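Letters A, B, ... are given to chains in the order of the sequence lines, protein chains preceding strands, and every chain is numbered from 1. All heavy atoms count here, side chains included; hydrogens, waters and symmetry mates do not. As the structure is a computational prediction, the values presented were derived from the model and not from experiment.
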Amino acid sequence: MGAAVGPTRVAELPGREGERVQVAGWLTHRRGHGAIAFLVVRDGSGEVQAVVRRDHAPEAFARAEGLGQESALRVVGPVRAQPRAPGGYEVEVEELEVLSPAADYPIAPKEHGIEFLLDHRHLWLRHRRPAAVMRIRDTVLWAAEAFLRGEGFVRVDAPILMGTAAENTTQLFRTDYFGEPAYLTQSGQLYAEAAAMALGRVYTLGPTFRAERSKTRRHLLEFWMLEPEMAFCDLEGSMALQERLVTYVVERVLERCGEALRTLERDTAPLERVRPPFPRLRYDDAAEWLRAQGLALGPEEDFGAPHETALSQAFDRPLFVHAFPRAVKPFYMEPEPGRPDRVLAADLLAPEGYGEIIGGSQRIADADLLRRRLQEAGLDEAAYDWYLDLRRYGGVVHSGFGLGIERTVAWIAGLDHVREAVPFPRTYNRLRP
RNA sequence: UCCUCGAUAGCUCAAUGGUAGAGCACUCGGCUGUUAACCGAGCGGUUGCAGGUUCGAGUCCUGCUCGAGGAGCCA
């Protein structure tokens with residue numbers, strides 16, 4: 001066949017000592033030292049130091065001089081173990097080809113402010129920290145899907161363009177559908193419920209949108225959500241699955257992303273404690289505990305950010321809060337048997353102060369009750385006609401939840417803001433790059 | 001939308017109401033094992049915008065713009 005001989009990936013250099021290899025990548029850093037120059041080359045799989053000596057490779061040495069940061073280049077030469085080199089290996093350059101020179105790269109090897117970095121996100125992604133976060137995000141998504149498929153779930157994606165609001169709780173981004181108003185989805189849940197009645201266990205995975213002028217570390221205008229939905233499953237069953245899903249995801253990240261976690265200087269001890277069962281608190285008990293801590297909280301009032309933070313700092317593992325007052329939750333949640341003022345809803349709070357990463361509930365199975373709730377919420381029943389059909393034609397006990405991808409990544413990676421957990425964050429006042 | 005803070009060189013930041021500076025980046029020179037190398041020199045400014053007070057404003061006042069942190073909302 002005569003397969004083309006391509007460059008060797010940096011990650012594959014260990015074990016190739018003595019071999020003459022070709023490495024292609026970008027110049028992340030250059031250190032001149034008289035007749036010897038050190039080039040740090042990044043190819044996406046890793047970074048390696050390349051050494052160029054004037055007397056050993058005069059042509060390569062001349063080309064390396066004046067080469068700007070982020071120039072694309074290819075070096076050829078033997079690999080050897082070198083304890084003085086970062087990573088333990090280096091390439092002794094014999095040939096150097098400049099594929100594409102770069103000049104005046106804006107991100108210098110020094111500290112930068114967040115505004116500058118976000119303005120240059122398209123370039124910032126090349127750097128070690130954001131690249132490590134993207135690897136962790138990839139592993140979180142991969143592991144979550146692998147787990148669900150192993151449990152017999154089918155991925156069924158929900159539409160992003162909507163004619164009506166799903167929950168009617170938050171502001172929606174409005175767009176135009178041939179003269180009709182249309183909205184960007186804020187949740188795939190209602191569609192997941194329809195699919196669960198067809199396929200039993202399903203999940204949706206995709207972007208969701210909230211047109212809120214939020215400016216906090218846990219909010220994005222556009223974020224990714226994983227929403228499993230299960231027929232013949234009550235809240236207990238859903239919470240048990242959530243424990244296993246979150247544990248599986250954390251285990252896979254610990255197993256596969258060691259280098260990335262070290263780059264981010266993430267203390268992995270709290271992650272190693274993530275194992276079922278997670279502690280559980282009823283809303284009423286959590287509220288009582290919060291008031292005992294001196295935090296203000298009215299009767300039947302939903303938790304705010306300070307409450308969530310306090311709760312999630314008090315436990316060293318993810319914490320379920322459940323049995324919320326009906327008034328603070330959306331219309332579609334099943335009331336608790338014997339406590340009609342409480343609903344079968346559970347939020348999962350990540351520890352270390354990160355707060356809510358999952359919101360879930362058992363859904364109302366009865367058509368009449370659902371219709372009443374729609375009326376109470378002031379929603380247009382006609383718009384939910386298809387949703388009511390799910391109860392008219394064989395409504396069954398079913399539950400589901402939404403897991404926020406960026407919040408989960410931020411927690412696992414130890415980030416201080418969800419905007420770093422997505423390649424190109426969409427926040428209030430920031431639509432580019 | 002509200003509260004707080006901020007905006008000075010490409011970047012990170014200094015500068016009693018009195019001549020706008022440093023480090024990094026960049027350019028040039030030196031150095032044969034660097035690790036954000038180091039040493040020397042150079043380049044680099046309508047101090048976010050518009051007004052006002054003052055002999056004099058980066059600094060004080062007013063308005064605006066943009067950003068950051070937080071609240072609300074939620075994944």
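In a base pair of the Watson-Crick type (N1 to N3 plus N6-O4 or O6-N4) or a G-U wobble (N1-O2 and O6-N3), with each distance short of 3.5 Å, B:rG6 is matched with B:rC66. Pairing of B:rG40, defined by two Watson-Crick or G-U wobble distances under 3.5 Å, is identified with B:rC28. Of all nucleotides present, only B:rA71 satisfies the Watson-Crick or G-U wobble test against B:rU1, with each distance under 3.5 Å. B:rU46 is unpaired under the Watson-Crick or G-U wobble criterion, no partner having all donor-acceptor distances under 3.5 Å. The partner of B:rG18, taking Watson-Crick or G-U wobble pairs whose two distances both stay under 3.5 Å, is B:rC55.
Nearest nucleotide to the A:Asp55 side chain, out of B:rU32, B:rG72, B:rC26: B:rU32. Candidate nucleotides B:rG72, B:rC31, B:rA68 were compared by shortest atom distance to the side chain of A:Pro306, and B:rG72 ranks first. In this structure, of B:rG72, B:rU34, B:rA75, it is B:rG72 that holds the atom nearest to the side chain of A:Ala305. Closest to the A:Ile36 side chain, of the nucleotides B:rA36, B:rU32, B:rA71, is B:rU32.
Put simply, CD on A:Gln69 is 15 Å from P on B:rC11, counting in whole angstrom units. What separates OH of A:Tyr354 from C1' of B:rC74 is a distance of 19 Å, to the nearest Å. One atom, OH of A:Tyr105, and another, C1' of B:rA36, lie 15 Å apart when rounded to the nearest Å. Atom CG in A:Asp302 sits about 14 Å away from atom P in B:rA71, given to the nearest Å. Atom CG of A:Leu295 and atom C1' of B:rA71 are 14 Å apart (whole Å). Distance, A:Glu308 CD to B:rA71 C1': 14 Å, rounded to whole Å. Rounded to whole Å, the distance from CZ on A:Arg31 to C1' on B:rA25 is 16 Å. The distance between atom CG of A:Leu67 and atom C1' of B:rA25, rounded to the nearest whole Å, is 16 Å.
Residue A:Ala37 is out of contact with every strand shown, counting any heavy-atom pair closer than 4.0 Å. A:His120 comes within 4.0 angstrom of no nucleic acid atom, judged by non-hydrogen atoms across all strands. Among the protein residues, A:Gly113 comes within range of the sugar-phosphate backbone only, with heavy atoms under 4.0 Å from sugar or phosphate atoms but none that close to a base. Base contact: A:Leu220 has a heavy atom under 4.0 Å from a base atom. Residue contacts for A:Glu227: at a heavy-atom cut-off of 4.0 Å it reaches no nucleic acid atom on any strand shown. Residue A:Glu111 is classed as a base contact, given a heavy-atom separation below 4.0 Å to a base. Within 4.0 Å of A:Glu222, counting heavy atoms only, lies no atom of the nucleic acid at all.
Taking atom P in both B:rU47 and B:rA57, one finds a spacing of 12 Å when rounded to whole Å. As rounded to the nearest Å, B:rC60 and B:rU1 have C1' atoms that lie 30 Å from one another. Rounded to a whole angstrom, the distance from the P atom of B:rG17 to that of B:rG23 is 25 Å. Comparing B:rA22 with B:rC2, their C1' atoms sit 39 Å apart, to the nearest whole Å. Rounded to the nearest Å, the gap between the P atom of B:rG45 and that of B:rU8 is 15 Å. A distance of about 26 Å separates the C1' atoms of B:rU19 and B:rC49, rounded to the whole Å. Here the separation of B:rC31 from B:rA68, taken at their C1' atoms, is 43 Å to the nearest Å. Nucleotides B:rG44 and B:rC26, compared at atom C1', are 9 Å apart to the nearest Å.
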Could you tabulate the donor-acceptor pairs under 3.5 Å formed by side-chain atoms of residues 404-412 of chain A, not counting sequence neighbours?
from: A:Glu406; atom 1: OE1; to: A:Trp224; atom 2: N; distance (Å): 2.9
from: A:Glu406; atom 1: OE2; to: A:Arg137; atom 2: NH1; distance (Å): 2.9
from: A:Glu406; atom 1: OE2; to: A:Arg137; atom 2: NH2; distance (Å): 3.3
from: A:Glu406; atom 1: OE2; to: A:Trp224; atom 2: N; distance (Å): 3.3
from: A:Arg407; atom 1: NE; to: A:Arg218; atom 2: O; distance (Å): 3.0
from: A:Arg407; atom 1: NH1; to: A:Glu356; atom 2: O; distance (Å): 3.1
from: A:Arg407; atom 1: NH2; to: A:Arg218; atom 2: O; distance (Å): 3.0
from: A:Thr408; atom 1: OG1; to: A:Gly404; atom 2: O; distance (Å): 2.7

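Side-chain contact check for A:Arg213 and A:Tyr428: at least one donor-acceptor pair (N or O, by modelled atom type) lies under 3.5 Å. Using modelled atom types, one finds no donor on one side chain facing an acceptor on the other under 3.5 Å when comparing A:Thr208 with A:Arg210. No hydrogens or angles considered: nothing links the side chains of A:Glu229 and A:Tyr191 as a donor-acceptor pair under 3.5 Å.
One cannot find a donor-acceptor pair under 3.5 Å joining the base of B:rC73 and the side-chain atoms of A:Arg218. With hydrogens and angles ignored, a donor-acceptor pair under 3.5 angstrom links the side chain of A:His219 to the base of B:rC73.
Listed pair A:Arg217 / B:rA68 fails the phosphate criterion, with no side-chain N or O lying under 4.0 Å from OP1 or OP2. Using a 4.0 Å cut-off, some side-chain N or O of A:Arg419 falls inside it from OP1 or OP2 of B:rG69.
For the pair A:Glu420 and A:Arg121, the salt-bridge criterion is not met [side-chain N within less than 4.0 Å of a carboxylate O]. Under the 4.0 Å criterion applied to side-chain N and carboxylate O atoms, A:Glu336 and A:Arg339 are not assigned as salt-bridge partners.
Remark: ring of A:Phe223 stacked against base of B:rA75; centroid gap under 5.5 Å, plane tilt under 30°.
Atom CD of A:Glu12 has more than 12 neighbouring heavy atoms from other residues, nucleotides or ligands inside a 6.0 Å radius. Residue A:Arg128 places its CZ atom among 12 or fewer non-hydrogen atoms of other residues, nucleotides or ligands, all under 6.0 Å distant. By the neighbour-count criterion of 12 heavy atoms within 6.0 Å, atom CD of A:Glu376 is densely surrounded, having more than that number from other residues, nucleotides or ligands. Counting heavy atoms of neighbouring residues, nucleotides and ligands inside a 6.0 Å radius, atom CD of A:Glu97 exceeds 12 of them.
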Give each protein N/O atom lying under 3.5 Å from an N/O atom of nucleotides 1-10 of chain B, with the pair distance.
from: B:rU1; atom 1: O4; to: A:Arg213; atom 2: O; distance (Å): 2.8

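With a 6.0 Å cutoff to the six-membered ring centre and a 45° limit on the axis angle, A:Arg244 does not count as a cation-pi contact of A:Tyr248.
Closest-nucleotide positions on RNA chain B for A:Gln82 and A:Leu348 were compared, and the one nearer the 5' end corresponds to A:Gln82.
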